Participant: 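Could you have a look at this structure, given as structure tokens, before my questions?
Convention: sequence-line order gives letters A, B, ...; per-chain numbering from 1. What you see is a predicted model; the values in this text were computed from it and never measured.
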Protein chains: 2
Amino acid sequence: MPADETTQRPSPLTERQEARRRRILHASAQLASRGGFDAVQMREVAESSQVALGTLYRYFPSKVHLLVATMQDQLEHMHGTLRKKPPSGERPAERVAETLMRAFRALQREPHLADAMVRALTFADRSVSPEVDQVSRQTTAIILDAMGLTDPTPEQLSAVRVIEHTWHSALITWLSGRASIAQVRIDIETVCRLIDVTDPRRPSG
Amino acid sequence: MPADETTQRPSPLTERQEARRRRILHASAQLASRGGFDAVQMREVAESSQVALGTLYRYFPSKVHLLVATMQDQLEHMHGTLRKKPPSGERPAERVAETLMRAFRALQREPHLADAMVRALTFADRSVSPEVDQVSRQTTAIILDAMGLTDPTPEQLSAVRVIEHTWHSALITWLSGRASIAQVRIDIETVCRLIDVTDPRRPSG
DNA sequence: CGCTAATCTAGAACAAGTTTCAGACTTGAT
DNA sequence: ATCAAGTCTGAAACTTGTTCTAGATTAGCG
């Protein structure tokens, strides 16, 4: 597969560039933690990461790109954390619900950061598709991990996609104050039933 | 229930005010149809609806408010259209999937308008909660209509919420070019299986 | 009709995302 | 060490959402 402009691998960064990138992502997460999406102001990110505004834009071509990259960063971290303590439920549906609720609790500890990342993710337009896709793949991996599957059927993949849809949208309703934590939990548990329905070992699946 | 500031009924508008409001919503939908969220620029909306910018902001306190109101408007219209030709499937799950696919086809005819409305809806923050809630209630009504239910159980309501989550999020993935029309259809059909699972007439529900 | 409060208009001003540019600094190759 | 190409900086400019102001218009009322 030839590398087109949306797939090309980033040319390797020098040490200083890598350091700049990390400073930027750190500043972004820090500002987001304080006041959510609106508090991440590009001039402030540039200033607190000691980088010129133009440079910030060279690394991340828009605020949404920056916040989606911040999310990638946090997700990787979370996937690592989740791996250490695998979910304890017996049935796959239980394990997935447990995993998502654990992630949800982590987000509740930094609601502003969650706000910034999730809003950026759903507001992203086509120019951010590759990055958003990457986040989606990572999320899929987390869910499949929890299910204990390495070789899902197309039906199961569809169920996983629906779970991801529900996860994102439920987060948004919670973040905008239209749903309680309890309601998010119920919705997650409800959608996880699809895992049972699409389990090929089930007779009626 | 006392009317607080978020619930208070709007004082009745004069005829000219009603006309202004309609002109604004019309201009908003028109610009959105051309170029989506970005093409709805407040100065342009004001100009093409022959209203001063300040007046536009008096009617709709932000661009997101305006677009969510535009969505309310379109949804009402769609609910009316859908009522005329009720879905033909036998099982509730089929009828809901059919209804949503019909709505989806309508959106495909105006993808830019869909983009503007859906992006506004998911980007809306707490200040728009009442309006977004209204849209959500309207969507719930459409789905319950299709199910043929007037008295849903809490479990069924949860399934409906999950269907709405999937609907919004699947639309977003389609609008941002990350999912095909076929994939949206599959996701809708998949999530609609929850209707069977939560049907109280089923033994294992 | 004539008054008062509310509403509307035009336009300036402000805020934050984004772009641009000239000049200084790094990097990599020779 | 030196040169060319690429990168970074600081600052200004531009765009679009939002706010503000002063004056004109309108609506409701006696």
Side-chain angles (χ1 to χ4, degrees), chain A residues 8 10-25 27-28 31-32 34-70 115-117 119-120 123-128 131, chain B residues 8 10-24 27-28 31-32 34-70 115-117 119-121 123-128 131:
Chain A
Q8 74 187 238
S11 59
L13 301 179
T14 68
E15 212 165 312
R16 305 182 63 191
Q17 286 175 321
E18 191 54 49
R20 271 190 207 101
R21 205 186 118 88
R22 300 253 105 248
R23 285 206 306 279
I24 293 172
L25 286 175
S28 167
L31 287 169
R34 290 219 208 309
F37 189 89
D38 293 335
V40 180
Q41 302 196 352
M42 299 304 268
R43 282 173 244 262
E44 280 204 50
V45 172
E47 189 173 355
S48 43
S49 51
Q50 312 234 243
V51 136
L53 192 53
T55 306
L56 172 52
Y57 273 93
R58 173 186 279 273
Y59 280 72
F60 302 97
S62 77
K63 174 169 170 170
V64 168
H65 280 85
L66 170 59
L67 285 172
V68 171
T70 304
D115 172 80
M117 297 189 307
R119 298 258 296 283
F123 192 60
D125 66 6
R126 297 178 114 83
S127 72
V128 204
E131 289 82 358
Chain B
Q8 74 187 236
S11 59
L13 302 179
T14 68
E15 213 165 310
R16 305 183 62 189
Q17 286 176 320
E18 190 55 48
R20 270 189 208 104
R21 204 186 120 89
R22 299 251 106 248
R23 286 207 304 279
I24 293 172
S28 167
L31 287 169
R34 288 219 209 312
F37 188 89
D38 293 336
V40 180
Q41 302 196 354
M42 298 304 268
R43 281 174 246 263
E44 281 204 49
V45 172
E47 189 173 355
S48 45
S49 51
Q50 311 234 244
V51 136
L53 191 54
T55 305
L56 172 52
Y57 273 94
R58 173 186 280 271
Y59 281 72
F60 302 97
S62 77
K63 174 169 170 170
V64 169
H65 280 85
L66 170 58
L67 285 171
V68 171
T70 303
D115 171 81
M117 297 189 307
R119 299 258 295 285
L121 203 67
F123 192 60
D125 66 4
R126 297 178 115 83
S127 72
V128 204
E131 289 81 358

Participant: In whole Å, what is the span from the CD atom of B/E15 to the P atom of C/dT7?
Facilitator: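 These atoms are roughly 18 Å apart.
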Participant: For B/R23, enumerate each residue passing the side-chain hydrogen bond (donor to acceptor under 3.5 Å, both in side chains) test, keeping only those at least two apart in sequence or located in another chain.
Facilitator: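 Testing B/R23 for side-chain hydrogen bond (donor to acceptor under 3.5 Å, both in side chains), a comparison that skips the adjacent residues, returns none.
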Participant: Distance-only criterion, 3.5 Å: show the donor-acceptor pairs between side-chain atoms of residues 38-53 of chain B and protein atoms not counting sequence neighbours.
Facilitator:
| residue | atom | partner | partner atom | Å |
| --- | --- | --- | --- | --- |
| B/S48 | OG | B/E44 | O | 2.9 |
| B/S49 | OG | B/V45 | O | 2.5 |
| B/S49 | OG | B/A46 | O | 3.4 |

Participant: Name the nucleic acid region contacted by B/V40, choosing base, sugar-phosphate or nothing; use a 4.0 angstrom heavy-atom cut-off, strictly under.
Facilitator: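 Sugar-phosphate, backbone atoms only, no base.
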Participant: Go through the structure and list residues passing side-chain hydrogen bond (donor to acceptor under 3.5 Å, both in side chains) with B/R126, not counting sequence neighbours.
Facilitator: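 Partners of B/R126 by the side-chain hydrogen bond (donor to acceptor under 3.5 Å, both in side chains) criterion come out as none, since no residue qualifies.
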Participant: Once you round it to whole Å, what is the distance between C1' of D/dT15 and CE of A/M42?
Facilitator: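 Answer to the nearest Å: 15 Å.
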Participant: Establish, yes or no, whether the cationic atom of B/K63 lies under 6.0 Å from the six-membered ring centre of B/F37 and within 45° of the ring axis.
Facilitator: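 Judged by the rule (NZ or CZ under 6.0 Å from the ring centre, within 45° of its axis), B/K63 counts as positioned above B/F37.
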Participant: Please report the distance, rounded to the nearest Å, between NE2 in A/H65 and P in C/dG17.
Facilitator: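 Whole-Å distance recorded here is 16 Å.
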Participant: Starting at NZ of B/K63 and ending at C1' of D/dT18, how long is that distance when rounded to a whole Å?
Facilitator: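 Taking NZ of B/K63 and C1' of D/dT18, I get 12 Å after rounding.
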Participant: Under 4.0 Å between a side-chain N/O of B/R43 and OP1 or OP2 of D/dG17, yes or no?
Facilitator: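 No, B/R43 has no side-chain N/O under 4.0 Å of OP1/OP2 on D/dG17.
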Participant: When you match B/T14 and B/D38 each to their closest nucleotide on DNA chain D, which lands nearer the 5' end?
Facilitator: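 Its nearest nucleotide being more 5', the pick is B/D38.
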Participant: Scan residues 50-61 of chain A against DNA chain D and write down, sorted by residue number, each residue with any heavy atom closer than 4.0 Å; if none is found, say none.
Facilitator: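 Those residues whose heavy atoms fall under 4.0 Å from DNA chain D, taken from residues 50-61 of chain A in numerical order, are A/Q50, A/V51, A/A52, A/T55, A/R58, A/Y59.
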Participant: Mind checking A/V45 for me? I need base, sugar-phosphate or nothing, with any heavy atom below 4.0 Å counting as a touch.
Facilitator: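 If one applies the 4.0 Å heavy-atom cut-off, A/V45 turns out to touch nothing in the nucleic acid.
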Participant: For the backbone of B/I24 and the side chain of B/S28, can you confirm whether one donor and one acceptor N or O come within less than 3.5 Å of each other?
Facilitator: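 Side chain of B/S28 to backbone of B/I24, a donor-acceptor pair under 3.5 Å: no, none is there.
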Participant: Once side-chain hydrogen bond (donor to acceptor under 3.5 Å, both in side chains) is applied, do any residues pair with A/S62, and if so which ones, sequence neighbours excluded?
Facilitator: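 With sequence neighbours excluded, A/S62 shows a side-chain hydrogen bond (donor to acceptor under 3.5 Å, both in side chains) to A/H65, given in chain and number order.
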Participant: Sequence neighbours left out, what passes side-chain hydrogen bond (donor to acceptor under 3.5 Å, both in side chains) with A/Q17? Give chain and number order.
Facilitator: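 side-chain hydrogen bond (donor to acceptor under 3.5 Å, both in side chains) list for A/Q17, sorted by chain: A/T14.
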Participant: What integer distance in Å separates B/R20:CZ from C/dT9:C1'?
Facilitator: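 Answer to the nearest Å: 10 Å.
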Participant: For the side chain of B/Q17, starting at C-beta, report the closest nucleotide among D/dA27, C/dC8, D/dC8.
Facilitator: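 Nearest listed nucleotide: C/dC8.
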Participant: Between A/E44 (CD) and C/dA15 (P), how many Å, whole number?
Facilitator: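 In whole Å, C/dA15 P lies 13 Å from A/E44 CD.
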Participant: Nearest heavy atom decides the nucleotide; on that basis, is B/R16 or B/F37 closer to the 5' end of DNA chain D?
Facilitator: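 Counting from the 5' end, the first nearest nucleotide belongs to B/F37.
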Participant: Mind calculating the distance between CG (A/L66) and P (C/dA16) to the nearest angstrom?
Facilitator: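 Value for this atom pair: 16 Å.
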Participant: Mind calculating the distance between CZ (B/F123) and C1' (D/dG17) to the nearest angstrom?
Facilitator: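 Going from B/F123 (CZ) to D/dG17 (C1'), I get 11 Å.
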